[in-house]
Amino acid sequence: MKFAAIAAMTTALLAAPAFAEGDAAKGEKTFKKCKSCHTIADGDNVITKGGKTGPNLFGLPSRVIGSTDFKYSKSAAAASELGAEWTEEDFIAWVANPTDFLRTKLDDPKAKSKMSFRLKKADDAADVWAYLVSVSPES
Ligand code: HEC
């Protein structure tokens, strides 16, 4: 009995992907930390009501960095000129430290983001990314 349970667990572990995917349900909870500054809204369809200190995050996973009508920092606007779409990797680096992210992207030690918040744990950030993907249009 015990052996069967262990065998079943081992099989489940082996079946898991090498890199854990983010958990959208957990990410929705973690997004509470972002809500004071960020709304997720598709036009009038508000998915998560939040503040306006930061840009609307609807459809972020297929958006170019800094590409909404939000008034971005000079550095985020400069990063937008590079034309790169958000990837999970960049998103995790951004939320861990937006200013460092912009300094690396722009190769400019003086770059600075307007976003003061930090979400340090990469796992939490991966969950939020999965949540944003789950509420975004399929691309
Ligand atoms: C205290 C307010 C605040 C909080 C809390 C906050 N942000 Fe931000 N966020 C901003 C601001 C302001 C910007 C614009 C940054 C700039 O212009 O440099 C921004 C920009 C962003 C961007 C870039 C969007 C784009 O259009 O390219 C992402 C992604 C982002 N935030 C994700 C998050 C996530 C995820 C959280 C929660 C873990 C979070 N933010 C929490 C204020 C905040």
Side-chain angles (χ1 to χ4, degrees):
M1 193 55 197
K2 220 175 188 176
F3 176 75
I6 291 167
M9 264 169 61
T10 310
T11 311
L13 283 175
L14 288 175
F19 293 99
E21 290 276 312
D23 179 331
K26 276 195 201 157
E28 184 172 5
K29 291 201 185 108
T30 306
F31 192 78
K32 291 198 178 114
K33 296 185 178 166
C34 321
K35 262 196 211 170
S36 54
C37 300
H38 292 285
T39 287
I40 304 175
D42 176 15
D44 290 340
N45 175 23
V46 178
I47 296 155
T48 297
K49 193 171 162 43
K52 293 217 183 317
T53 308
N56 175 6
L57 295 181
F58 178 74
L60 187 89
S62 52
R63 247 164 58 181
V64 168
I65 294 173
S67 62
T68 71
D69 58 5
F70 180 80
K71 206 171 176 325
Y72 293 95
S73 60
K74 267 194 198 137
S75 303
S80 189
E81 300 286 306
L82 302 174
E85 281 186 11
W86 281 108
T87 61
E88 181 171 10
E89 200 187 345
D90 278 358
F91 175 81
I92 291 172
W94 168 276
V95 294
N97 191 329
T99 287
D100 272 1
F101 173 84
L102 290 172
R103 286 181 182 178
T104 307
K105 266 276 173 245
L106 300 168
D107 197 16
D108 172 3
K110 293 205 182 105
K112 197 168 182 343
S113 173
K114 269 194 193 174
M115 176 167 146
S116 53
F117 186 81
R118 312 256 180 284
L119 186 65
K120 292 256 158 66
K121 278 202 204 148
D123 282 359
D124 289 348
D127 291 344
V128 174
W129 174 261
Y131 171 58
L132 290 173
V133 168
S134 76
V135 295
S136 291
E138 280 180 44
S139 52

List, one per line, each side-chain donor-acceptor pair under 3.5 Å for residues 100-110, sequence neighbours excluded.
residue, atom, partner, partner atom, Å
Asp100, OD2, Asn97, ND2, 3.1
Arg103, NE, Pro109, O, 3.0
Arg103, NE, Ala111, O, 2.8
Arg103, NH2, Ala111, O, 3.2
Thr104, OG1, Asp100, O, 3.0
Lys105, NZ, Asp90, OD2, 3.1
Asp108, OD1, Lys110, N, 2.8

If the test is side chain to side chain contact (heavy atoms under 4.5 Å, CB included), which one of Ser75, Ser73, Ser113 qualifies with Pro98?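 Answer to the side chain to side chain contact (heavy atoms under 4.5 Å, CB included) test with Pro98 among Ser75, Ser73, Ser113: Ser113.
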Quick one: list whatever passes ring pair (Phe, Tyr, Trp, His ring centres under 6.0 Å) with Phe91, sequence neighbours left out.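 Partners of Phe91 by the ring pair (Phe, Tyr, Trp, His ring centres under 6.0 Å) criterion, ordered by chain and then number, come out as Trp129.
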Qualifying salt bridge (Lys or Arg N to Asp or Glu O under 4.0 Å) pairs with a residue from residues 114-133, counting only residues at least two apart or across chains: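 Non-adjacent pairs meeting salt bridge (Lys or Arg N to Asp or Glu O under 4.0 Å): zero.
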Suppose we screen for side-chain hydrogen bond (donor to acceptor under 3.5 Å, both in side chains). Which residues come up paired with Thr48, at least two apart in sequence or across chains?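 Applying side-chain hydrogen bond (donor to acceptor under 3.5 Å, both in side chains) to Thr48 gives Tyr131.
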What's the separation between atom [atom1] in [X] and atom [atom2] in [Y], rounded to the nearest 0.5 Å?
X	Y	atom1	atom2	answer
Ile47	Ser136	CD1	OG	7.5 Å
Arg63	Asn56	CZ	CG	6.0 Å
Leu132	Phe31	CG	CZ	6.0 Å

Donor-acceptor pairs under 3.5 Å, side chain of residues 32-43 to any protein atom, not counting sequence neighbours: which ones?
residue, atom, partner, partner atom, Å
His38, ND1, Pro55, O, 2.7
Thr39, OG1, Gly50, N, 3.0
Thr39, OG1, Gly50, O, 2.7
Thr39, OG1, Gly51, O, 3.4

Taking C-beta and beyond as the side chain, do Val128 and Val95 meet within less than 4.5 Å on heavy atoms?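 In short, these two side chains do not touch, never coming nearer than 4.5 Å.
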Non-hydrogen side-chain atoms of Ile65 and Trp86 separated by less than 4.5 Å: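 Yes, close enough: below the 4.5 Å cut-off.
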Test question: given the 4.5 Å side-chain rule for I, L, V, M, F, W and Y, name all other residues clustered with Val46, or answer none.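 Via sub-4.5 Å side-chain contacts, Val46 links to none.
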Going by the ring pair (Phe, Tyr, Trp, His ring centres under 6.0 Å) test, which pairs reach into residues 62-81, not counting sequence neighbours?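 Every pair satisfying ring pair (Phe, Tyr, Trp, His ring centres under 6.0 Å) with a residue in residues 62-81: Phe70-Tyr72.
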Partners passing side-chain contact (heavy atoms from CB on, under 4.5 Å) against Glu85 (at least two apart in sequence or in another chain):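 Glu85: side-chain contact (heavy atoms from CB on, under 4.5 Å) contacts with Ser62, Val64.
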Kindly give the heavy-atom pair with the smallest separation between Val133 and Pro61, and that separation in Å.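 Val133 and Pro61 have their closest heavy atoms at CG2-CG, 3.7 Å.
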